[in-house]
Structures are given as C-alpha cells and as structure tokens.
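Note on naming: letters A, B, ... go to the chains in the order of the sequence lines (proteins, then strands), and numbering restarts at 1 for each one. Quick note: numbers below take in every heavy atom, side chains included, and nothing from hydrogens, waters or symmetry partners.
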Amino acid sequence: TLSKGFRTARQSLSGQTELTEHNIDIALREVRVSLLEADVEYNVVARFLDRVKTKALGREVATHVKDKSGQRLRLKPAEHFVGICYEELEALMGPVDTSIKLSKPVGTIMMVGLQGTGKTTTTGKLAQFLIKKQLKPMLVAADIYRPAAVLQLKVLGDSLQIPVFADPALLPPQLCAQALIKAKEWQCNVVIFDTAGRLSIDDELMHELEEIKRLTKPDNVFLVVDAMVGQDAVRTAAEFNRRLDIDGFILTKLDGDARGGAALSIKEITSKPIKFLGMGEKLGNLEEFRPQGLASRILG
Amino acid sequence: LSGQKPIQNETLVELESILFSADIGVKTSQKLLDMVAEGIRSGKLQNSEQIKDALRSQMQEILCSVLHKPLETTEPNSTTVVMFVGVNGVGKTTTIGKISSQLHAQGKRVVLGAGDTFRAAASEQLAVWADRSGASLVTGSENADPASVLFDTVQKGKAEKADFVLCDTAGRLHTKSNLMDELKKAHRVLGKAQAGAPHEVLLVLDATMGQNALMQAKQFSESTPLTGIVLTKLDGTAKGGIVLGIIDELKIPIRYIGVGEAADDLRAFEPKEFLNALFA
Ligand SMILES: Nc1nc2c(ncn2[C@@H]2O[C@H](COP(=O)(O)OP(=O)(O)OP(=O)(O)O)[C@@H](O)[C@H]2O)c(=O)[nH]1
Ligand SMILES: Nc1nc2c(ncn2[C@@H]2O[C@H](COP(=O)(O)OP(=O)(O)OP(=O)(O)O)[C@@H](O)[C@H]2O)c(=O)[nH]1
Ligand SMILES: [Mg+2]
Ligand SMILES: [Mg+2]
C-alpha cells in the first residue's frame, strides 16, 4: 500500500518511456511530500532526494528484472524510479547490525533517552530477550527521580524472576558502579542500567549520564526513541550521540500507525545502527531490526 | 514560486524550513505559504520583514480561532469530572499531578482516579502525586476494570464534595480498537456515575511528536469527544507545531502546556509566546 504522495509520484511517471530530469523532478516533489509527512527530517529528505535523482539519472539500478518464468523484463520508468527509492532507503538504514557486545564476566547495557520513550519497559524486554539467549540479566533502577520508577522496574524484574538492584542512598553514577559489584555477587552476567528520561539540553542530567558511562564503561549505550517523534529526533539523537557516543538505537511504539521517519533521520545523522524495534507493551514485544519493514512504512 | 523576486523566494524557502522543522506538517505549511505567496503576488508584501510578519499573523489567526482557557469549575458547589486520555508516555499521569497541585493551591478539593490498572506501578506513581498535592486517591486492584475504578472515583468525589475529579487512564495507541472501546466504556460509565460527566476530556499530546499527532486527535475524538488538549514537554527542543493543524482542523482548545517534570511546570497556552518560541 503506497501513500498518496508515493502513488502520485508513480502515476506521474506512468506512460513515460524513459526517466528524464524533468519527469524525475515532478516525481521527486511527490516523494518529498510523502517523506515529510512520514516525519523524516527536512534536510535528511533533501539529501535523500538528491541521491535518488543522481541514481535515477545515472540509471545505476538494474533496468531489468526476471519474471516468474525467468524471462527478463524491462522495467517501466515508474517501477524503475520506485525501485531506486526503496533501494536508497534500505541502503540508508543499513548495514544491519543488531549485535549486543557483552564483555565477560559481566556485560553491560545502558538505556538512555527523552522522557516517556519506553526505556523502562524496553529494559524489561531486553532482559527477556537475553534470558532466551541463556544469559542471566540483572536490572539496575538508576531512575531516582520519577515517582515509582524503581517500583516499576522491580515489577518487571519480578515478572521475569531476575534481580533488580536499587539503593535510595546512592546517586545514579555510584549506584551503577555498585551494581557491577552486586552482579558478580548474584552471579549475573549481564547488567542493564535503566536511567531517567531527560532532555538533551539539560546539561546537569546529561553530565550524570557521562558520569555513569565514565564509572561503568558500558559495552552498549542504547538511545531509546519513540517512533512517533517528529523533526526533533535529529537534534536529540545528535546531542546524545555527541555526549555519549551511543552504540545504537531502539525504536519503540511501532505497533501504532506512526510512519517512523525518525528512524531514517537518526541513522543518517549519527551513522549508528538501529538495533531493536518495540512492537507493543508486553515484555515479549521486541524484535531485531530489519530494514525492509521500516523502509516500506516510511515511504508509505 | 515563479514570478517572484529572488529575495522573496529566498524568504519563502527559509520560512518553509522553519515551518517544517517545527512539525507544522505539509498540509498546514502549504496553506500558510500559499496565503503568503498570494500577498507577494498582489504586491502587498514587498520585503522579507513584511513576509515574515504576514506569516506570523496567519499563524496567530489559526491559533486564536479558538479560546484557550485552563480548567474551570462548571458550576459552583458541583463536582467537575475531567478525563485524561492519550497514547503511551505523553505525560498524562504527571499532568494530572501538576493540575491537582495547582488546584490545591487555589483551595480546591481534588480527588484522583487511578484508571490505569494495567501498567506496572501506574497507581503507585499517581499515589505519589496525590500525596504531593493533598488530593484523595481511588485505586483498584491490579487489572481491575478501569471503568469501575473511575466510577468509584466519582462516587468518592461526590461524597467528599470535591471540586474536581481527575481521571487517569492507561496510555494506549489509537490503532488498538479494543483499547479504544475500553475508553468509550469508561466515558459512558463516568456519565452513569454523575450526569454530565465527564465534563472535560483532555487529550495529552507530547510536543516532540510528529504528524501522527493529528491522527491521534481524530481517533481519540471518536471514542471520547475531546474538550481540550494538554501539550507537554515544551521545555525541550521540540516546537510542538503539530497543534496548528489540530486547531485548524478540529478546533480543540489548548488548556495547558507542560514545561517540565515538577508540580509547578504547567502553564496556560499563550499563542504569542508559542509563536515567539517557534521562530526563535
Ligand atoms: N504500544 C507500545 N507502548 C510501549 C512500547 N514501549 C513502551 N511502551 C509504553 O510507553 C509508556 C512509557 O514507557 P516507559 O517504559 O515508562 O518509558 P520511559 O522511557 O522509561 O519513561 P521515563 O522513565 O519517564 O522517561 C508505557 O505506557 C509503556 O507501556 C511499545 O513498543 N509499544
Ligand atoms: N520535560 C518534561 N517531561 C515531562 C513533562 N510531562 C511529563 N514528563 C515526563 O514524561 C514521562 C512520562 O510521564 P507520565 O506522566 O508517566 O506519562 P503517561 O502518559 O502517564 O504514561 P503512560 O501512563 O505510561 O502512558 C515522565 O518522565 C514525566 O516526568 C513535561 O512537560 N516536560
Ligand atoms: Mg522509565
Ligand atoms: Mg500514566
């Protein structure tokens, strides 16, 4: 199912015998509308369209495909153009890297992001994912600010029958450092730090994250991003990446109908991979990232 | 953009980038830029200053097409029941806590209803806010029917002669029809608990959201007719431009804006201030 913008782009090329600069420009205008409506960032869209135009004019995409009986068919300009868009989008979102580095004896994952994006819930989901891989996770309740945040993580940990480390006497950096010692004691081999949501422009709280990172040297820092986020995605991702050198993104709430264009923007701006997708509120609703599904959703 | 001077074209491109970067969306941005382009063609707008002023006043006109006022009591000596709805993580529970604190400071009696019986520690989170704001709280057992918890909440409100009953609900995506039905049922049950309730249904929207916000507003309106919006997280870098399209199409007022995580971080919506921040 193509979005209106994309369908119009395709229609504008039907009946054309070849791709020319003029008809490509018309089609690109429609694709632009579709991408902006999908929340892809304004400048990311401009760069994407430039690359598509260069490719379309340069005819880098194969202009033939094989049909079911193995016959070679020449692609019509409309299909050719749509093919370039999908190819370019998938290339932008790749290469796929859903690996989680884990040192021995204790591997570490630090969850960061804006308020309400799904960090605490995703911490639980990651733990369930790691349990399936025969690992023994421990959760760390490093959000000491939000009312009942520690309890929220404890409830999730209990449901998975895994330990949750919390200490009201410690500030988050010291708490996370202590947690690593506790992990050895409790014989856990992965520790996941759930941190409080914060603004990328909150210098004090961003410094707190830098402190946690300095003291615990986590194997992975994952930025948890809400799939509904708009143009601000780029500002936030760039700043979190600048200060923490993140290892990847987890995109949440993809079980809704948000197009998720932010995925394209944050990947392009930081070159960091999208690791996982949150597809619901239950702890089982976590999938490893694959570009195809997201590409067709963004293009509409 | 033909038939215009280069400086005017440059200004239009610059304005387009401002509008899109603020999440105003294609349809509304196009409408605004078309109006301005018309002013340029007719010769009314000559330089970039005039062009920018014209755009701002068009935006102000859209924003002021409805009256944005905070919650008020419906009548003296009556209980005003307010329901809070919205997708996951936007700030419903925190907003209720802030409003409760402000009403308490105004000497009003408030009862809170923990209508989120699904998410981990949801009622405990609201309980902290009830403590902070001196409000009473009604909760249910885990996975209790939200409608019955909210029914009990209104009863408590009547018994305590509360000025306001603020009903929290679980976050839910508007695409989940069973969850939207659950909301419709809660809305109906509130009406059974007290004739005319809920007097207000506030949709909580996150200022960081993109174009999906309009879909949310439309879908939630169908389950629970909306009387207002709360736009949260405006203390961040996002501009919240999504509200322009929502106000233009659905004519729903903005009751409050959220500018932080503490009890005091709640203000009335001021169109001029909002536009200043957008163009900053
Ligand atoms: N539908 C859906 N809801 C989700 C998903 N991930 C998280 N949520 C919900 O989003 C809301 C916020 O989740 P939290 O885990 O509390 O978010 P958080 O980032 O820890 O929030 P803060 O700690 O306050 O910054 C909750 O209602 C979750 O159930 C998802 O993939 N899909
Ligand atoms: N910076 C900022 N954070 C906010 C604002 N309003 C809420 N938050 C934060 O956003 C996060 C989510 O808030 P909640 O009140 O739990 O959101 P919710 O809509 O009730 O979430 P669910 O019930 O899980 O759907 C918390 O970390 C809040 O402190 C605001 O105006 N500014
Ligand atoms: Mg959390
Ligand atoms: Mg809540």
Just wondering, do [Y] and [X] contact through their side chains at under 4.5 Å, heavy atoms?
{"X": "B:Lys233", "Y": "A:Leu114", "answer": "no"}
{"X": "B:Thr208", "Y": "A:Asp226", "answer": "no"}
{"X": "A:Glu281", "Y": "B:Phe118", "answer": "yes"}
{"X": "A:Asp255", "Y": "B:Lys176", "answer": "yes"}

What residue in A:Thr252, A:Val229, A:Val155 has the most heavy-atom pairs under 4.5 Å with chain B?
A:Val229
Heavy-atom pairs under 4.5 Å with chain B - which of A:Lys154, A:Gln152, A:Glu41 has more of them than the others?
A:Gln152
Most heavy-atom pairs under 4.5 angstrom with chain A, which of [options]?
{"options": "B:Gly25, B:Gly236, B:Ser17", "result": "B:Ser17"}
{"options": "B:Lys239, B:His174, B:Gln30", "result": "B:His174"}
{"options": "B:Val90, B:Thr93, B:Thr175", "result": "B:Thr175"}
{"options": "B:Gly210, B:Ser29, B:Ala22", "result": "B:Gly210"}
{"options": "B:Gln125, B:Gln216, B:Arg132", "result": "B:Gln125"}
{"options": "B:Val26, B:Asp206, B:Ile242", "result": "B:Val26"}

What distance separates [X] [atom1] from [Y] [atom2], expressed to the nearest 0.5 Å?
{"X": "B:Ser21", "Y": "A:Tyr42", "atom1": "OG", "atom2": "OH", "result": "7.0 Å"}
{"X": "B:Arg119", "Y": "A:Thr121", "atom1": "CZ", "atom2": "OG1", "result": "7.0 Å"}
{"X": "B:Leu173", "Y": "A:Asp257", "atom1": "CG", "atom2": "CG", "result": "8.0 Å"}

Flag if over 12 foreign heavy atoms under 6.0 Å of [atom1], [X]:
{"X": "B:Asp264", "atom1": "CG", "result": "no"}
{"X": "A:Lys53", "atom1": "NZ", "result": "yes"}
{"X": "B:Lys184", "atom1": "NZ", "result": "yes"}
{"X": "A:Glu210", "atom1": "CD", "result": "yes"}
{"X": "A:Arg297", "atom1": "CZ", "result": "yes"}

Option among A:Gln231, A:Arg235, A:Glu239 that satisfies the side-chain contact (heavy atoms from CB on, under 4.5 Å) test with B:Thr237:
A:Arg235
Decide, yes or no, whether a salt bridge links B:Glu16 with A:Arg32 under the criterion of side-chain N to carboxylate O below 4.0 Å.
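Yes.
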Checking [X] against chain A: side chain, backbone, both or neither under 4.5 Å from a heavy atom?
{"X": "B:Val87", "answer": "side chain"}
{"X": "B:Met215", "answer": "side chain"}
{"X": "B:Glu124", "answer": "both"}

Using atom types as modelled and distance alone, determine if a side-chain donor or acceptor of B:Asn88 lies under 3.5 Å from a backbone N or O of A:Lys253.
no
What closest approach, in Å, do [X] and [Y] show between heavy atoms, and which atom pair accounts for it?
{"X": "A:Gly230", "Y": "B:Asp23", "answer": "CA-OD1, 3.4 Å"}
{"X": "A:Ala148", "Y": "B:Ala121", "answer": "O-CB, 3.7 Å"}
{"X": "B:Ala120", "Y": "A:Leu156", "answer": "CB-CD2, 4.2 Å"}

Is there a side-chain contact (heavy atoms from CB on, under 4.5 Å) between A:Gln115 and B:Glu261 once you walk through the steps?
CA-CA 9 Å; A:Gln115 292 88 348; B:Glu261 305 189 62; 2.8 Å; yes
Contacting moiety of A:Leu36, where chain B heavy atoms sit under 4.5 Å
both
